[in-house]
Amino acid sequence: HTLLHGKVMIKASRLIRSGAIGDVLGAEMKFLGTQDDSMASNQSHWSHKLLGGRLGEMIPHPVYAVQSVLQDELSVDTIVAEKRGKYPWMRYDEMKVLLRGRNKGWADIYVSFNASRPVITMDVYGTQKILKIDMINQVLVELGERSLSKMDSGRDLLDQSRVLFLSTVKNAIEYLGAKRMESSLRNLYTSFMESVASGGDPPVTPKMAFETVRVAEEICNRI
């Protein structure tokens, strides 16, 4: 569950749980890889022996991410899988999944291993705000209410540009010298130790883990 412990997901989760974005209506997640992905491009990689192959290896990550946003048990609604790439050992390399929360809300997941660049993003739609979360670049943009007027368009562009500029500078200083996933893993371990010391719930509860596996397994069985 490492994606949940990056700084942007921690901040986004706090905003969602505090009610700052209003009621959550739904979420859209993109989890894209390129054709030279180290697992997909290697015919001998162990991931191809899993249920669902390379798709089965990665699908738990977007599942637990949208699960944390909807804060609900998920049901699998629709799955569409296609073959678009060049590797014959991958039965499918494109997939769209529509998930629904038990009580309310929906989530759309798009997976590809034919993209021009790696992408892990999620847009969360609330009744008061939209959150745009970039989990690779660790950038979070909050989009509040606005009209279609020229004044609002100009103000909106300036606000988004400011957030992107400040995040770029800060992340360049903070992450360029760090190893991949170092910050997320550090936050995960710290949260786990704090939960042990306080006697509270761990950052990933057994129920959360079970639900992730249940949904991921159903998706793989239906591909």
Side-chain angles (χ1 to χ4, degrees), residues 1-31 55-56 58-79 95-111 119-145 181 183-222:
H1 283 58
T2 47
L3 290 180
L4 300 184
H5 300 277
K7 69 174 186 178
V8 292
M9 275 304 294
I10 291 174
K11 183 177 180 181
S13 295
R14 288 172 180 163
L15 290 171
I16 293 168
R17 283 160 175 71
S18 70
I21 73 168
D23 294 332
V24 175
L25 302 171
E28 289 183 295
M29 185 157 189
K30 297 179 179 67
F31 203 109
L55 295 177
M58 54 69 56
I59 196 61
H61 293 289
V63 167
Y64 68 63
V66 298
Q67 180 188 47
S68 72
V69 169
L70 294 185
Q71 302 179 50
D72 207 348
E73 294 179 8
L74 302 176
S75 62
V76 182
D77 188 301
T78 306
I79 301 172
M95 182 168 66
K96 290 275 285 186
V97 180
L98 177 63
L99 303 170
R100 295 189 182 276
R102 180 179 59 181
N103 296 314
K104 60 180 180 179
W106 55 271
D108 180 86
I109 299 173
Y110 172 41
V111 179
V119 172
I120 306 177
T121 62
M122 179 160 56
D123 292 348
V124 181
Y125 303 102
T127 54
Q128 296 178 21
K129 282 186 178 182
I130 296 172
L131 302 181
K132 300 185 73 67
I133 308 165
D134 186 331
M135 300 180 200
I136 292 182
N137 293 327
Q138 292 293 297
V139 175
L140 172 64
V141 178
E142 301 177 43
L143 303 178
E145 297 177 354
M181 300 301 295
S183 178
S184 295
L185 290 171
R186 187 189 307 118
N187 291 338
L188 175 58
Y189 298 148
T190 299
S191 298
F192 178 75
M193 290 187 290
E194 289 175 349
S195 71
V196 173
S198 66
D201 288 335
V204 179
T205 65
K207 187 177 189 307
M208 290 168 61
F210 172 81
E211 284 299 314
T212 298
V213 173
R214 179 185 65 79
V215 174
E217 186 178 52
E218 181 178 350
I219 292 171
C220 291
N221 278 319
R222 290 175 54 180

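Throughout, numbering of the chain's residues begins at 1 and tracks the sequence. Remember, predicted model here, so these are calculated numbers, not experimental data.
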Out of curiosity, [X] [atom1] to [Y] [atom2], how far, rounded to the nearest 0.5 Å?
X: K30; Y: Y110; atom1: NZ; atom2: OH; result: 9.5 Å
X: K207; Y: D201; atom1: NZ; atom2: CG; result: 12.0 Å
X: M95; Y: L55; atom1: CE; atom2: CG; result: 4.5 Å
X: K11; Y: I16; atom1: NZ; atom2: CD1; result: 12.5 Å
X: H1; Y: T205; atom1: NE2; atom2: OG1; result: 8.0 Å
X: Q128; Y: L15; atom1: CD; atom2: CG; result: 11.5 Å

[Y] and [X], any side-chain heavy atoms less than 4.5 Å apart:
X: M208; Y: S68; result: no
X: V97; Y: T78; result: no
X: I219; Y: N221; result: no
X: V24; Y: Y125; result: no
X: P203; Y: L188; result: yes
X: M29; Y: M135; result: yes
X: M122; Y: V66; result: yes
X: V215; Y: E218; result: no

For [X] versus [Y], what's the shortest heavy-atom pair and its separation?
X: Q67; Y: E211; result: NE2-CB, 2.8 Å
X: L140; Y: A12; result: CD2-N, 4.1 Å
X: A65; Y: L4; result: CA-CD2, 4.0 Å
X: G22; Y: T127; result: CA-OG1, 3.4 Å
X: S191; Y: H5; result: OG-ND1, 4.4 Å
X: T212; Y: P60; result: CG2-O, 3.8 Å

Donor-acceptor list for residues 100-107 side chains, cut-off 3.5 Å, not counting sequence neighbours:
residue : atom : partner : partner atom : Å
R100    : NE   : D77     : OD2          : 2.7
W106    : NE1  : L25     : O            : 3.4

Hey, does the side chain of [X] reach the backbone of [Y] with a donor-acceptor pair shorter than 3.5 angstrom?
X: R222; Y: V76; answer: yes
X: Y64; Y: T2; answer: yes
X: D134; Y: I136; answer: yes

Apply side chain to side chain contact (heavy atoms under 4.5 Å, CB included) to the pair I59 and V111, showing each step before the final yes or no.
-> CA-CA 8 Å; I59 196 61; V111 179; 4.2 Å; yes

